[in-house]
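Before any comments, here is the structure.
Per chain, numbering begins at 1; letters A, B, ... match sequence-line order.
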Number of protein chains: 2
Amino acid sequence: MAKRSVRLSRDAIIDCATALADAEGLEAVTIRRLAQENGVTPMAMYWHFNDKDSLLDGLAEHLIASVKLPEPGDGMWDEQLRAILVAFLDAIRPHPALAGLALRRILVAEPGLRLAERVLDLLRQAGFGPEQAAEVGTFLMCAVITLVVGDPMAAKAAVGGDAAADMRHKQAMLQALEPGRYPNLIAAAPALVSCRGQDDYFTINIDLLVQGVRGTRRN
Amino acid sequence: MAKRSVRLSRDAIIDCATALADAEGLEAVTIRRLAQENGVTPMAMYWHFNDKDSLLDGLAEHLIASVKLPEPGDGMWDEQLRAILVAFLDAIRPHPALAGLALRRILVAEPGLRLAERVLDLLRQAGFGPEQAAEVGTFLMCAVITLVVGDPMAAKAAVGGDAAADMRHKQAMLQALEPGRYPNLIAAAPALVSCRGQDDYFTINIDLLVQGVRGTRRN
DNA sequence: CGCACACGTTGTACGTCGTACAGTTGTGGG
DNA sequence: CCCACAACTGTACGACGTACAACGTGTGCG
């Protein structure tokens with residue numbers, strides 16, 4: 001594709017990999033493909049990254065670094081918590097193929113540490129002890145990531161996989177179930193196949209999480 | 001390893017793959033490895049499964065089928081909902097390496113359909129409309145799965161990866177952060193590295209989810 | 001009793017992946 | 001000018017999923 005202008009840089013590779021993942025899914029992000037995309041030999045990648053896993057570390061860090069944390073402000077703790085979760089969500093939503101990488105990588109780089117620190121701080125304000133704040137905070141961040149990775153758009157890339165046709169097919173399958181046994185599935189079929197990726201889905205479930213924290217705290 | 005006694009069966013392969021994933025992680029579950037484990041040629045697998053993806057479908061279905069759904073009983077909807085989420089959690093906790101497979105496969109086989117139907121039914125009882133029940137129900141099941149996949153035990157298999165040493169190292173790293181910037185991370189360091197996989201973590205966050213549903217419903 | 005045939009399995013081969021190891025260049029500071 | 005070192009190339013290996021065709025074998029029918 002593109003011949004490199006002067007030199008290759010770690011950041012350029014990460015940007016390229018991010019674009020590639022957005023366009024064709026995470027499985028398209030391959031050492032060889034990235035090299036080709038930059039007009040370079042596969043082994044050239046290993047100058048900038050120790051191995052593929054550290055490339056993925058870099059991708060996750062870059063993704064988490066794009067979170068626009070709101071100022072520590074003065075609102076209620078629950079409003080601030082929602083704002084942080086929404087900021088996190090907004091950052092990862094454009095990159096559903098990469099979101100899963102962050103699941104086990106939040107605490108490995110500085111941007112994730114800042115995010116986690118803010119979340120823990122608010123949970124402490126809400127009355128949680130250090131251990132419970134750790135447990136709830138860990139889950140909250142993982143849950144936000146899960147909101148994004150379930151997106152069916154992440155599966156569109158596979159050899160021209162037609163996502164729309166797939167969804168139509170799935171909905172038809174649900175509505176063809178035995179009405180006696182699965183009335184709710186049939187009634188909810190359109191929403192079940194399309195809800196992920198829709199604004200409603202994100203707002204109602206972020207709400208659920210914040211309400212859950214309110215209902216779980218000790219004071 | 002093991003020579004097959006008489007013949008190979010789809011179920012035997014799935015059981016073998018499950019055990020393999022539990023022992024060495026999902027990345028050890030490979031067509032060739034499975035064949036070798038059963039004293040058979042790799043291509044023999046393709047008689048029982050179309051391709052690797054349908055093998056993974058089978059693994060996910062088998063996992064979801066192991067959920068011991070409580071009887072539709074007569075308690076409050078929130079108690080019943082918790083019971084179902086706990087049943088789901090209990091089924092997938094022994095197999096953290098496989099849990100992630102279920103994320104996008106709940107609605108593809110019968111056991112997942114039954115689980116989803118029950119969840120939707122209870123959400124309708126709680127006052128949600130069909131669309132909202134679909135959105136919340138989808139998220140609830142994904143969230144329970146997320147509780148399990150974050151487990152650090154899933155990363156132990158890689159070439160003799162010493163999970164305990166890894167956790168000690170991570171905790172030391174957290175506690176070595178600048179105290180001025182990351183006080184909460186430092187205070188919660190022990191819990192942050194060990195909370196996943198502990199009973200507290202699961203119960204408090206299942207609680208959070210149920211409380212969240214209560215706080216989000218319309219009536 | 002024997003034979004055909006489908007079921008289950010084998011053998012070989014191809015293309016892709018990550019990456020080890022050693023060699024080669026281009027460029028900037030002495 | 002030159003040379004050291006950062007950046008990159010070339011070749012090779014083993015593992016992966018799997019296409020395709022050939023092979024053995026147990027079972028049911030004549």
Quiz item: Does the side chain of B:Thr146 come within less than 4.5 Å of A:Val149's, by heavy atoms?
Solution: no
Quiz prompt | Side chains of B:Val144 and B:Ile92 in contact at under 4.5 Å (non-hydrogen atoms) | solution = yes
Quiz item: For D:dC8, does either OP1 or OP2 sit under 4.0 Å from a side-chain N or O belonging to A:His48?
Solution: yes
Quiz item: For residues 82-98 of chain A, which residue pairs qualify under side-chain hydrogen bond (donor to acceptor under 3.5 Å, both in side chains), counting only residues two or more places apart or in two chains?
Solution: A:Asp22-A:His95, A:Arg82-A:Asp207, A:Arg93-A:Asp199
Self-check item: Pairs flagged by side-chain hydrogen bond (donor to acceptor under 3.5 Å, both in side chains) wherever residues 183-196 of chain B is involved - sequence neighbours left out
Solution: A:Glu117-B:Asn184, A:Asp121-B:Asn184
Self-check item: Minimum heavy-atom distance A:Met45-A:Ala35, with the two atoms named
Solution: CE-CA, 3.8 Å
Exercise. Could you tell me which non-hydrogen atom of A:Pro130 sits nearest to which non-hydrogen atom of B:Ala188, and how far apart they are?
Key: O-CB, 3.7 Å
If I take atom [atom1] in residue [X] and atom [atom2] in nucleotide [N], what distance separates them, rounded to the nearest angstrom?
X	N	atom1	atom2	value
A:Leu34	D:dC8	CG	P	14 Å
A:Trp47	C:dG26	CH2	C1'	14 Å
A:Arg10	D:dA6	CZ	P	17 Å

Practice problem: Spell out protein contact along nucleotides 12-26 of chain D as letters: B when the base is contacted, S when just the sugar-phosphate is, - when no protein heavy atom is under 4.0 Å; keep the 5' to 3' order. | Solution: B---BBBBB------
